[in-house]
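What follows is a set of notes on a single structure, which appears directly below.
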Amino acid sequence: MREDCFYIDMQNICDDKIVIKGEEHEHLYKVLRHRVGDKVKCFYNSSKFFHCEIVFIDKVSTTLKILNSTDCLANPKINFTLFQALPKLDKLEIIAQKLTELGATKIVPFSSTFCIKKDNPNKIERLKKIIINACKQCGRTKLLQIENSLTFKQMLECLKEYDLILFANEVSGSVRLKDVKFENSKNIAVIVGSEGGFSKEEVDKIVSCNAISLTLGKRILRAETCAICLSSAVLLNLEN
């Protein structure tokens, strides 16, 4: 039987006890109707699950006793970052949810010339909730990181940190994914445009950063479809 899983604040762990409050407590107590003696598991942004027994519940908190911990085998084994030109927020939510499940480690939104949507400074907390729920669903304990939005120039600077950069580019001359050499690649960046795509100048600047231009076929994909499709294909090639 699969144990229900809850996200905890590291600060709420004391010796062999965990205290759950807020939305996670409400979900445990009022929705799932757990009671004293039930077994559950917990995680925070680390490499382990904590297997626990409920020892106390009231209206505002649940106290758990840690029985043991186990390593999480579903966490990403490589560093995979999606650089996503700002799409509409609901599309970024879909991308964050699916890339959590697929095994990405980070999403970095950035602005570009033809971005339709402007940055929303309140998006991070909402996206974190979506990521936590996706972690529960897929069984990973390391949260997908969501960075604050960058300018296009800042995004280009970040690319220096990666040993393989893949750029979803629909122009002629782009290579197919099967022709990309992934050997010894542990730090990978994928760049996907917004609904409006990139300007010619932006394309040239990305390519000048040693990015490999990739084609995903003759059909033009939506921003969120491209991000999910390309990330899935790359992570599958990397057996991650």
Side-chain angles (χ1 to χ4, degrees), residues 79-131 133-134 143-162 164-177 180 187-236:
N79 184 23
F80 179 97
T81 300
L82 171 69
F83 289 90
Q84 175 65 59
L86 281 167
K88 296 177 182 178
L89 181 57
D90 59 341
K91 295 183 178 181
L92 190 57
E93 291 172 359
I94 293 171
I95 293 169
Q97 180 189 63
K98 299 311 176 187
L99 262 69
T100 299
E101 296 175 32
L102 290 170
T105 51
K106 186 190 298 184
I107 296 178
V108 182
F110 67 93
S111 58
S112 61
T113 302
F114 299 138
C115 282
I116 298 172
K117 185 68 176 178
K118 301 301 181 183
D119 192 22
N120 178 357
N122 299 317
K123 69 179 182 296
I124 299 294
E125 283 304 310
R126 176 167 174 77
L127 289 170
K128 184 177 179 181
K129 290 181 180 180
I130 291 170
I131 290 164
N133 286 329
L143 301 186
L144 174 79
Q145 293 177 254
I146 293 283
E147 299 291 317
N148 290 318
S149 299
L150 304 179
T151 64
F152 184 82
K153 183 178 179 180
Q154 289 171 327
M155 183 274 295
L156 294 178
E157 285 295 313
C158 289
L159 297 180
K160 296 176 182 178
E161 303 172 10
Y162 295 86
L164 179 62
I165 306 165
L166 305 175
F167 170 37
N169 188 7
E170 68 272 19
V171 301
S172 60
S174 296
V175 303
R176 295 174 295 181
L177 186 62
V180 175
N187 204 22
I188 298 170
V190 165
I191 304 168
V192 174
S194 66
E195 295 90 343
F198 291 109
S199 69
K200 176 63 167 59
E201 181 182 7
E202 287 171 335
V203 169
D204 292 341
K205 287 182 177 179
I206 293 173
V207 172
S208 72
C209 293
N210 296 319
I212 300 172
S213 285
L214 287 179
T215 176
L216 296 180
K218 300 299 183 183
R219 292 181 292 276
I220 302 299
L221 305 180
R222 291 179 180 270
E224 70 274 23
T225 307
C226 180
I228 295 166
C229 176
L230 180 53
S231 298
S232 177
V234 171
L235 290 165
L236 182 63

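One-based numbering along the sequence shown.
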Exercise. So Ile131 and Gln97, side-chain contact (heavy atoms from CB on, under 4.5 Å) or not? Walk me through it.
Worked result: CA-CA 6 Å; Ile131 290 164; Gln97 180 189 63; over 6 Å; no
Problem set entry | Evaluation steps, side-chain contact (heavy atoms from CB on, under 4.5 Å), between Asn133 and Thr100 | CA-CA 10 Å; Asn133 286 329; Thr100 299; over 6 Å; no
For this session: Mind running side-chain contact (heavy atoms from CB on, under 4.5 Å) on Asn169 and Phe198 for me, showing each step along the way?
Result: CA-CA 9 Å; Asn169 188 7; Phe198 291 109; over 6 Å; no
Problem set entry | Test log, rule side-chain contact (heavy atoms from CB on, under 4.5 Å), inputs Val190 and Thr81 | CA-CA 6 Å; Val190 165; Thr81 300; over 6 Å; no
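The side-chain heavy atoms of Leu82 and Leu230, taken from C-beta on, include no pair separated by under 4.5 Å. The shortest distance between side-chain heavy atoms of Val175 and Thr215 does not fall below 4.5 Å. Contact of the Lys123 side chain with the Pro109 side chain is registered, since non-hydrogen atoms from C-beta on lie closer than 4.5 Å. Side-chain atoms of Ser232 and Cys229, non-hydrogen and from C-beta on, never get closer than 4.5 Å to each other. Annotation: side chain of Leu143 is in contact with side chain of Lys128 (closest heavy-atom distance under 4.5 Å). A 4.5 Å side-chain heavy-atom check between Leu150 and Cys158 finds at least one atom pair inside the cut-off. Between Ile212 and Leu164, the closest side-chain pair of non-hydrogen atoms falls below 4.5 Å. Residues Leu214 and Arg176 are not in side-chain contact: their nearest non-hydrogen atoms beyond the backbone lie 4.5 Å or more apart.
Expressed to the nearest 0.5 Å, how far CG of Leu99 lies from CG of Leu235 amounts to 7.0 Å. If you take CZ on Phe83 and CG on Leu159, they are separated by 5.5 Å, rounding to the nearest 0.5 Å. Annotation: the span from Ile191 atom CD1 to Ile206 atom CD1 amounts to 5.0 Å, rounded to 0.5 Å. Separation of atoms CD (Glu195) and NZ (Lys91) is listed at 4.0 Å; rounding is to 0.5 Å. Considering CG of Asn210 and CD1 of Ile165, their distance stands at 6.5 Å, rounded to 0.5 Å. Considering CD1 of Ile95 and OG of Ser231, their distance stands at 8.5 Å, rounded to 0.5 Å.
Between Phe152 and Phe110, the ring-plane angle classifies as tilted under the 30° and 60° cut-offs.
Smallest separation of non-hydrogen atoms from Ser194 and Ala85: N-CB, 3.3 Å. The two atoms that bring Gln154 and Thr151 nearest to each other are OE1-N, 2.8 Å, heavy atoms only.
Within 6.0 Å of the NZ atom in Lys106, the count of heavy atoms belonging to other residues, nucleotides or ligands exceeds 12.
Contact check on Glu201 versus Lys205 returns a salt bridge, with a Lys/Arg side-chain nitrogen under 4.0 Å from an Asp/Glu carboxylate oxygen. A salt bridge links Glu101 with Lys98; the closest basic N to acidic carboxylate O contact falls under 4.0 Å.
Put simply, the side chain of Gln84 never gets that close to the backbone of Ala227: no donor and acceptor are under 3.5 Å apart.
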